[in-house]
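No hydrogens, no waters, no symmetry mates; every other heavy atom, side chains included, goes into these values. Sequence positions, counted from 1, serve as the residue numbers for this chain.
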Amino acid sequence: MAVISEWVNKTQPRLTPQETEFLHKSLEKRDRQIQTQLEQERQLREAAEARANAEGEKVKQEKAKVKAERQRTQAFAALAAVSIALAGLWVKSEKHNAEIVKMGEINALIKVSQTLLDADKQIEALMASVQALQGLKKVDGKNLEPLKRLESIIYTVKEHNRLKGHKDRAWGVSFSPDGKIIASGGADGIIKIWDKNGKILYDIPGHTKGVWSVRFSHNGKLLASTSQDATVKLWDIESNKHKLIKTFSGHNDTVYDVSFSRDDKIIASGGRDGVIKVWRTEIEKNPPQAIGTLDVKAILQKEGYNKK
């Protein structure tokens, strides 16, 4: 068609109307086809450019996403590092604060222990010291001052046990010869018998006033007691009934103490009246009367002492 068009333009032949119309229509058709082809090429080119732009944008977005993710990762790592550092400082600070509080409690216990020791409450002082020592095991042991203070208190304590049971003051106490039994007497007028660990085995009532002293015989079968009621009582503690053997009367005032002879056949008692009396323990064969009396008060007065 291009060749025909070029020939017509050069030669300008005389064409019939029909030929001229045919030529014009053919040329228009060619032009339309060319235009259509150009349009298609333009559309294809624009589509390719759009796809290229889309791919470029997608690549750009992926790069931005990777960059943002990297930044988030870096920020998280930095935050984690800071958090760990702060947590470490917090833990260290909390531990330090806890040790300060604990040392305050320990020092308070040491003060309590010293106060109890000064008040002659040695068992309580020892218990408070043990609590303080247990607390020291849980803190840094670099500070030796509290330990030295505790050692001073603990080494001062001599009391190992305390027997509680009397309703009033306890005045006299005595161990049996084998060390297995303890007898005590007090202002409540009761004699108490204990085992060596401080457990009450039984009570022995009988005196009408406070019991001043108690003494075991050398064979451990008898117990003598003295009292404000001016009597000495002899008890059979070998039997389960711990019965009263005899009451010795003869003093005019409180009897302070009593002692057995080596063979346990004689006891000697001394009282506020200034008199020492000697008695036989075998009352089945002998009456419960003093076999000897020594008026110490009179002797002292005669020698010029205690003139009052």
Q: Sequence neighbours left out, what passes ring pair (Phe, Tyr, Trp, His ring centres under 6.0 Å) with Trp212? Give chain and number order.
A: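 So Trp212 forms a ring pair (Phe, Tyr, Trp, His ring centres under 6.0 Å) with Trp171, Tyr256.
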Q: If you compare all heavy atoms of Asn252 against all heavy atoms of Ala230, which two are closest, and at what distance to 0.1 Å?
A: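 Scanning both residues completely, I find the closest heavy atoms to be C-CB, 4.4 Å.
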Q: Distance check, rounded to the nearest 0.5 Å: Asp188 atom CG versus His207 atom NE2?
A: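 Going from the CG atom of Asp188 to the NE2 atom of His207 covers 11.5 Å.
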Q: Applying side-chain hydrogen bond (donor to acceptor under 3.5 Å, both in side chains), name anything that partners Gln228, two or more places apart in sequence or on another chain.
A: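 Partners of Gln228 by the side-chain hydrogen bond (donor to acceptor under 3.5 Å, both in side chains) criterion come out as none, since no residue qualifies.
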Q: First locate atom CD1 of Ile182, then atom CD1 of Ile193, and finally report the distance between them rounded to the nearest 0.5 Å.
A: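 Atom-to-atom, Ile182:CD1 and Ile193:CD1 are 10.0 Å apart.
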Q: Please report the interatomic distance CD1(Ile245) to CD(Glu282), rounded to the nearest 0.5 Å.
A: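 These two atoms lie 10.5 Å from each other.
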Q: Between Trp235 and Pro205, which heavy-atom pair has the shortest distance, and what is it?
A: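 Result for this residue pair: CH2-O, 3.3 Å.
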Q: Counting distance only, does the side-chain N/O of Asp195 pair as donor-acceptor with the main-chain N or O of Ile181 below 3.5 Å?
A: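 The answer is no, because no donor-acceptor pair under 3.5 Å joins these two groups.
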Q: Is Ile190 reachable from Val214 through a run of I, L, V, M, F, W or Y residues, each pair having side-chain heavy atoms under 4.5 Å apart?
A: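 In one cluster: no.
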Q: Following the transitive rule for hydrophobic clusters with a side-chain heavy-atom cut-off under 4.5 Å over Ile, Leu, Val, Met, Phe, Trp and Tyr, establish whether Leu234 and Val232 coincide in one cluster.
A: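 They do share one cluster, since a chain of ILVMFWY contacts under 4.5 Å joins Leu234 to Val232.
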Q: Please list all pairs passing the salt bridge (Lys or Arg N to Asp or Glu O under 4.0 Å) test where one or both residues lie in residues 199-217, with sequence neighbours left out.
A: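 Found Lys192-Asp203, Arg215-Asp257.
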Q: In Å and rounded to the nearest 0.5 Å, what is the CG to OG1 distance from Asp273 to Thr254?
A: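 Taking CG in Asp273 and OG1 in Thr254, the distance rounds to 9.0 Å.
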Q: I'd like to check the salt bridge (Lys or Arg N to Asp or Glu O under 4.0 Å) partners of Glu62; sequence neighbours left out, ordered by chain and number.
A: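 Applying salt bridge (Lys or Arg N to Asp or Glu O under 4.0 Å) to Glu62 gives none.
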Q: Write down the atom of Leu222, the atom of Asp236, and the distance for their closest heavy-atom approach.
A: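 Looking at all heavy atoms of both residues, the shortest contact is CD2-CA, 4.4 Å.
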Q: Mind checking side-chain hydrogen bond (donor to acceptor under 3.5 Å, both in side chains) for Ser184 and listing every partner two or more places apart, or none if nothing turns up?
A: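 Partners of Ser184 by the side-chain hydrogen bond (donor to acceptor under 3.5 Å, both in side chains) criterion, ordered by chain and then number, come out as His166, Trp194.
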Q: How would you list, by chain and number, every residue that makes a side-chain hydrogen bond (donor to acceptor under 3.5 Å, both in side chains) with Arg262, sequence neighbours excluded?
A: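 Arg262 satisfies side-chain hydrogen bond (donor to acceptor under 3.5 Å, both in side chains) with no other residue.
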Q: Compare every heavy atom of Phe216 with every heavy atom of Pro177, then report the nearest pair and how far apart it is.
A: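 Residues Pro177 and Phe216, closest heavy atoms: CD-CB, 4.0 Å.
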Q: Ignoring hydrogens and geometry, is there a side-chain-to-backbone donor-acceptor pair from Ser259 to Ala268 under 3.5 Å?
A: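 Looks like no, no N/O pair under 3.5 Å.
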Q: Locate the shortest heavy-atom distance separating Thr247 from Thr231; write the atom from each residue and the value.
A: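 What the structure gives for the nearest pair is CG2-CB, 3.8 Å.
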Q: Just jot down the side-chain hydrogen bond (donor to acceptor under 3.5 Å, both in side chains) partners of Ser174, sequence neighbours excluded, or say none.
A: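 side-chain hydrogen bond (donor to acceptor under 3.5 Å, both in side chains) list for Ser174, sorted by chain: empty.
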Q: Measuring from Lys196:NZ to Ser176:OG, what's the distance to the nearest 0.5 Å?
A: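 The distance works out to 10.0 Å.
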Q: Looking at every heavy atom in both Thr281 and Asp264, which two are closest together, and how far apart are they?
A: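 Heavy-atom minimum between the residues: OG1-O, 2.8 Å.
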Q: Is any side-chain heavy atom of Lys277 less than 4.5 Å from a side-chain heavy atom of His251?
A: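 Yes, their side chains come closer than 4.5 Å.
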Q: Under the side chain to side chain contact (heavy atoms under 4.5 Å, CB included) test, which residues partner Asp118, sequence neighbours left out?
A: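 With sequence neighbours excluded, Asp118 shows a side chain to side chain contact (heavy atoms under 4.5 Å, CB included) to Gln114, given in chain and number order.
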Q: Taking only residues two or more places apart in sequence, or in another chain, which ones meet Lys67 in a side chain to side chain contact (heavy atoms under 4.5 Å, CB included)?
A: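 For Lys67 the side chain to side chain contact (heavy atoms under 4.5 Å, CB included) partners, ignoring immediate neighbours, are Arg70, Gln71.
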Q: Linking Ile, Leu, Val, Met, Phe, Trp and Tyr through side-chain heavy atoms less than 4.5 Å apart, which residues share a cluster with Val112?
A: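 Taking Ile, Leu, Val, Met, Phe, Trp and Tyr as members, Val112 shares its hydrophobic cluster with Leu116.
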Q: Take Ile267 and Phe248, measure what side chain to side chain contact (heavy atoms under 4.5 Å, CB included) needs, and give me the verdict at the end.
A: CA-CA 10 Å; Ile267 56 174; Phe248 300 96; 3.9 Å; yes
Q: Taking salt bridge (Lys or Arg N to Asp or Glu O under 4.0 Å) as the definition, give me every residue that meets it alongside Arg42, ordered by chain and number, with sequence neighbours left out.
A: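 Listed in chain order: Glu39, Glu46.
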Q: How long is the straight-line distance from CD1 of Ile191 back to CD1 of Ile237, given to the nearest 0.5 Å?
A: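 Separation between the atoms: 10.0 Å.
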Q: Just jot down the salt bridge (Lys or Arg N to Asp or Glu O under 4.0 Å) partners of Glu69, sequence neighbours excluded, or say none.
A: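 With neighbours one apart ignored, the set is Arg72.
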